[in-house]
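This report refers to the structure that appears directly beneath it.
Side chains are part of it too, since the values below use all heavy atoms of this structure and drop only hydrogens, waters and symmetry mates. Below, chain A is the first sequence line, B the second, and so on; all start at residue 1.
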Amino acid sequence: MSYKLRSICDRRTFAALKATKFSARRGSVRSLFACSGEEIGPKIAFGVSKKVGNSVERNRIRRRIRAAIVSNLDQFAPGSYLIIPGKGALNASFEDLKLDVCESMRRSSMKALGLESTNG
RNA sequence: UGAGUCGGCUAGGUGGCUGCGGUGCUCCAUUUAUUGGAGGCUGAGGAAGGUCGGGGCUCCAUAGGGCAGAGUGCUGGCUAACGGCCAGUCAGGGUGACCUGCAGGACAGUGCCACAGAAAGGAAACCGCCGAUGGCUUUUAGCACAGGUAAGGGUGAAAGGGUGCGGCAAGAGCGCACCAGCAUCAAAGGUGACUUUGAUGGCUUGGUAAACCCCACUCGGAGCAAGGCAAAAUUUGAGGUGGGCUGCCCGCCUAAUACUUCAUGGUAUGCCGCUUAGAUGGAUAGCCACCCAAAGAAAAUCCACAUUUUCUUGGACAGAACCCCGCCUACAGGCCGACUCACUUU
RNA sequence: UCGGGGGUGGUGUAAUUGGCAACACGGCAGGUUCUGGCCCUGUUAUUGAGGGUUCGAGUCCUUCCCCCCGAG
């Protein structure tokens, strides 16, 4: 493993994620992407609403998604990701959840990178 | 055997692979005081929850006393403190084990008691009863006028003790007996709330204080986003470098522009507060296998119950956030102990 | 971490000091009409949930659930 997965702890990055247009959805998982060009690898944050469940269920969803991301970390482009799971993420099987998370993250980052390449 | 009551305990376990937080521990590397890696150690609950009560801790306020406001409210003890706990008293519920109770004061005062009912509080005559006494008439009687009357009817959640005998025109604690209840006094038991017994008294003025209130006791306010330390940018102030008066120094003037030092203040941000779990976008996990609980289906023994085998599903409530003591609320299943009632057998 | 307000038919609001849960717009059914509208009649509620005080709770007390607002 070349480097560790980091979480976002910067207010400015969250503001950028709030304003971003690069979002994608697959299954019950939605992900947002923002990129300032300074990131070495992917950084993540979670937005788990209280409507999803109580604190035990919310924690469980977050842990499973984190495990899914860690298991194939090399796929993702460097940048900041905000992952917003829905209610289905709790009872989905681990393979399905992994697919949903990775696909949605990959697609949101591809949108951004594709846009940058057409511009410049 | 069945149905219950009370108290206590537990809150799945083992292994493998891949990972995470903390670390005043050890080693290595890097920079010189930080970062990274490896190892060791360690890493959620009985309620961590709700944030209802109290305390520690921190800052602010504070001569002393009172008013106002808020809270508590049977007795004794425990506690740092509490609206908590333990034991008891009383009241209510249950056949019983046992359970429940914000359980002071309604002769200090004020308010309210809808509808119904005559009357809802120091009473009252609607129906009824009587009409002794007085009155009238057709005078051993009648009228029901004055008036007497709370026994009976009816209303209501509630109608100012109950039963019986006497008494009376009819009645009435009007008189008496017993019972209930109140007040005072005395004795006995108890630390006390209170209980028991006896005597005396007048025959005895509802309910509501989770209505205002009275009485007794308690209470300064805010909360870890408390609070403290360091400290960009910006602000303000004081200098230095600069330009001019002169060739130089001192001195004076200038500051439109630029650089820079110190102080000011304490924002962004970081750290401390902070913990034998100690995060700060929040770690304590993900996946797999087996075992023990549990549920469902099928087959066999089989009237059924029950037992065995196989397969499938698959773990109650719920996640620390400064720390304690309580309360309240949520909770599948299992285990242990004490006790009660009913039935059966001996 | 604190403080304040609220929950009433399907929707929006009332209900004085505890005393018959009211109004409007809807929905449904019926009537009127050749048909529809207007109109008329009826119906549509365990006052967020549980427990208590009281003769009697939308109202008073208490424990939960949900929503909204404010302060740092």
Side-chain angles (χ1 to χ4, degrees):
Chain A
M1 188 87 30
S2 61
Y3 94 166
K4 273 170 80 170
L5 184 64
R6 297 193 167 280
S7 53
I8 301 166
C9 35
D10 189 2
R11 190 169 284 274
R12 200 169 301 157
T13 314
F14 276 97
L17 280 167
K18 198 173 175 181
T20 191
K21 283 179 271 184
F22 313 125
S23 77
R25 171 186 279 276
R26 186 196 155 97
S28 57
V29 180
R30 182 159 164 251
S31 87
L32 306 177
F33 176 77
C35 177
S36 61
E38 295 170 0
E39 292 93 343
I40 305 163
K43 295 175 80 172
I44 56 163
F46 298 97
V48 192
S49 158
K50 247 182 190 176
K51 284 178 187 170
V52 174
N54 60 18
S55 54
V56 175
E57 291 165 355
R58 277 181 274 139
N59 271 333
R60 191 176 174 79
I61 288 170
R62 190 170 54 223
R63 283 163 186 160
R64 294 184 79 196
I65 290 175
R66 178 170 289 163
I69 292 169
V70 165
S71 65
N72 38 13
L73 192 61
D74 303 328
Q75 291 185 5
F76 306 119
S80 303
Y81 296 85
L82 176 66
I83 297 156
I84 303 171
K87 204 160 189 173
L90 185 64
N91 293 320
S93 74
F94 188 66
E95 290 302 317
D96 290 351
L97 185 69
K98 195 152 72 170
L99 242 152
D100 285 353
V101 170
C102 294
E103 268 298 301
S104 65
M105 280 172 71
R106 212 169 49 73
R107 270 197 263 162
S108 65
S109 62
M110 284 297 280
K111 271 187 194 177
L113 296 176
L115 209 94
E116 277 177 5
S117 66
T118 51
N119 283 353

Taking the [atom1] atom in each of [N] and [M], what is the distance between them to the nearest angstrom?
N      : M      : atom1 : result
B:C217 : B:C57  : C1'   : 28 Å
B:G22  : B:G278 : P     : 10 Å
B:C99  : B:C86  : P     : 11 Å
B:A103 : B:A61  : P     : 44 Å
B:U276 : B:G24  : C1'   : 13 Å
B:G206 : B:G122 : P     : 12 Å
B:U267 : B:G21  : C1'   : 32 Å
B:C288 : B:U5   : C1'   : 48 Å

Counterpart base for [N], defined by Watson-Crick or G-U wobble contacts under 3.5 Å:
N      : value
B:A294 : B:U313
C:U33  : none
B:C185 : B:G198
B:A277 : none
B:G192 : none
B:C259 : B:G240
C:A22  : C:U13
B:C224 : none

Rounded off to whole Å, could you give me the [atom1]-to-[atom2] distance for the [X] and [N] pair?
X       : N      : atom1 : atom2 : result
A:Ile61 : B:A285 : CD1   : P     : 16 Å
A:Asn59 : B:A285 : CG    : P     : 10 Å
A:Lys98 : B:U18  : NZ    : C1'   : 11 Å
A:Ile65 : B:G282 : CD1   : P     : 13 Å

- Item | Side-chain N,O (A:Arg66) to OP1/OP2 (B:G282) below 4.0 Å |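 Yes.
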- Query: Would you say A:Arg62 reaches B:A283's phosphate, i.e. side-chain N/O to OP1/OP2 under 4.0 Å?
  - Reply: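 For A:Arg62, the contact criterion (side-chain N or O under 4.0 Å from OP1 or OP2 of B:A283) is met.
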- Task: Among A:Ser104, A:Cys102, A:Pro85, find the one that has a side chain to side chain contact (heavy atoms under 4.5 Å, CB included) with A:Ser31.
- Result: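 Of the listed options, the one satisfying the test is A:Ser104.
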- Name the one of A:Asp100, A:Leu99, A:Val101 that satisfies side chain to side chain contact (heavy atoms under 4.5 Å, CB included) with A:Glu103?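 When side chain to side chain contact (heavy atoms under 4.5 Å, CB included) is applied between A:Glu103 and each of A:Asp100, A:Leu99, A:Val101, only A:Leu99 qualifies.
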- Query: So which heavy atom on A:Arg25 is nearest to which on A:Arg107, and how close?
  - Reply: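 So the minimum-distance heavy-atom pair works out to O-NH2, 3.7 Å.
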- Identify the heavy atoms of A:Ala24 and A:Ser108 that sit nearest to each other, and give their distance.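 Scanning both residues completely, I find the closest heavy atoms to be CB-N, 3.7 Å.
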What's the base orientation of [N]: syn (chi within 90° of 0) or anti?
N      : result
B:U32  : syn
B:A44  : syn
B:G173 : syn
B:G223 : anti

- Quick one: label A:Arg64 by what it contacts on the DNA or RNA (base, sugar-phosphate, nothing), any heavy atom closer than 4.0 Å.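 Touches sugar-phosphate only.
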- A:Arg63 has a side chain; which of B:G281, B:U284, B:A283 sits nearest to it?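 So the side chain of A:Arg63 is nearest to B:U284.
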- Query: CE/A:Met105 to CG/A:Leu82 distance, rounded to the nearest 0.5 angstrom?
  - Reply: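 So the gap between those two atoms works out to 10.5 Å.
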